[in-house]
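In what follows, chains carry the letters A, B, and so on, assigned in the order in which the sequence lines appear, proteins first and then strands, with residues in each chain numbered from 1.
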There are 2 protein chains.
Amino acid sequence: MPASTLKADQVFNALGDPTRRAIVEQLSRGPSTVSRLAEPLDITLTAVRQHLHVLEGCKLVSTRKVGRTRTCQLEKKGLAVIEDWIHAQRSMWDSALDNLGALLEEDGEP
Amino acid sequence: MPASTLKADQVFNALGDPTRRAIVEQLSRGPSTVSRLAEPLDITLTAVRQHLHVLEGCKLVSTRKVGRTRTCQLEKKGLAVIEDWIHAQRSMWDSALDNLGALLEEDGEP
DNA sequence: GTGATACTGAAGCCATAACTTCAGTATGGA
DNA sequence: TCCATACTGAAGTTATGGCTTCAGTATCAC
């Protein structure tokens with residue numbers, strides 16, 4: 001089990017929550033404050049902050065406080081972790097599925 | 001919000017659970033039965049079956065019962081869904097982060 | 001048929017995750 | 001200085017997810 005595996009759990013878990021995915025998608029259109037993130041989500045600032053802690057924990061988002069406002073922006077590291085996992089899996093899957101296809105000589109999908 | 005978004009939630013959620021990721025990784029080394037999947041996981045067959053339902057639901061795994069044994073294998077569709085999501089996000093992130101970099105003229109990481 | 005194997009379904013337990021409220025702190029502007 | 005804004009932390013509620021047990025059903029080998 002590679003060192004990155006533990007991290008991948010965190011990132012997948014983070015992106016598994018629809019609210020956090022909404023936050024990530026909102027931030028992909030540019031940085032934002034906590035309040036602005038909360039508006040379309042219809043949850044409290046506290047809840048948003050809790051989601052941000054999770055996203056910061058797996059390096060999908062970074063934040064900085066200037067004055068009384070906290071600005072949130074995306075970070076690449078977290079995404080890279082799952083990209084790597086998916087790449088690794090895909091190559092194993094492809095060979096596993098190829099072997100299987102030959103073995104079963106049947107094509108369940110077009 | 002594209003039609004694929006709902007599905008991506010499911011797939012991320014599925015892969016966010018460490019046990020399900022272990023199942024997927026085990027299946028990436030070749031197809032298996034429910035019992036064989038359960039062995040290294042140290043959980044009941046019932047629990048494994050429940051995880052398999054989730055993985056089947058988001059097209060990461062397909063299963064077929066022959067006689068009294070159910071054989072499980074990987075399916076590509078689920079993985080493709082999150083590959084697409086990540087690709088879409090990455091291009092938006094890259095441009096968002098580029099803009100931001102120019103704006104802030106600071107490099108927080110090496 | 002008998003017994004072992006392989007799985008399934010319903011029901012319930014329990015830890016955790018997502019959310020809230022509320023009572024703060026710190027900053028910005030008049 | 002005074003008030004509004006922007007956020008934070010602790011504590012509590014509630015729903016859900018992952019797991020179990022147990023009582024099945026179906027298949028295989030003898």
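- Between the CG atom of L41(A) and the P atom of dA18(C) there is a distance of 14 Å, given to the nearest Å.
- Taking atom CG on L55(A) and atom C1' on dA18(C), their separation rounds to 13 Å, with Å as the unit.
- Residue T69(A) is classed as a sugar-phosphate contact, given heavy-atom separations below 4.0 Å to backbone atoms only.
- Rounded to an integer number of Å, the gap from NE2 of H53(B) to P of dG17(D) is 15 Å.
- Put simply, CZ on R49(A) is 16 Å from P on dT20(C), counting in whole angstrom units.
- Considering only side-chain atoms of H51(B), the nucleotide from dT20(D), dC19(D), dT21(C) that sits closest is dC19(D).
- One can place CD1 of I43(A) at 11 Å from C1' of dT20(C), the figure rounded to the nearest angstrom.
- Between F12(A) and F12(B), the ring planes lie tilted relative to each other; the angle falls in the 30° to 60° range.
- Mapping K65(B) and R20(A) onto DNA chain C by nearest heavy atom places K65(B) at the nucleotide closer to the 5' end.
- Closest-nucleotide positions on DNA chain D for V34(A) and G67(B) were compared, and the one nearer the 5' end corresponds to V34(A).
- Going from atom CZ of R36(B) over to atom P of dA6(C) covers 11 Å, rounded to whole Å.
- When atom types are taken as modelled, the side chain of Q26(A) and the backbone of R36(A) share a donor-acceptor pair closer than 3.5 angstrom.
- For the atom pair K59(B) NZ and L74(B) CG, the distance stands at 14.5 Å (nearest 0.5 Å).
- Applying the 3.5 Å distance criterion, the base of dT8(D) shares no donor-acceptor pair with the side chain of Q50(A).
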After noting the C-alpha distance and the side-chain angles of R90(A) and E83(A), does the key distance pass the salt bridge (Lys or Arg N to Asp or Glu O under 4.0 Å) rule?
CA-CA 10 Å; R90(A) 181 165 266 304; E83(A) 278 180 324; over 6 Å; no
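- When the C1' atom of dT5(D) is taken as reference, atom CZ of R70(A) falls 16 Å away, rounded to whole Å.
- At the phosphate of dT20(D), OP1 or OP2 sits under 4.0 Å from a side-chain N or O atom of T44(B).
- One cannot find a donor-acceptor pair under 3.5 Å joining the base of dG18(D) and the side-chain atoms of T19(B).
- Looking only at distances, a side-chain donor or acceptor of R20(A) sits under 3.5 Å from a matching main-chain atom of A14(A).
- Summarising the geometry, the separation between CG on L37(B) and C1' on dG18(D) is reported as 17 Å, rounded to the nearest angstrom.
- Looking at the side chain of D17(A), the nearest of the listed nucleotides dT8(C), dT21(C), dA18(C) is dA18(C).
- Judged by distance alone with a 3.5 Å cut-off, a donor-acceptor contact links the side chain of R68(A) to the base of dT5(D).
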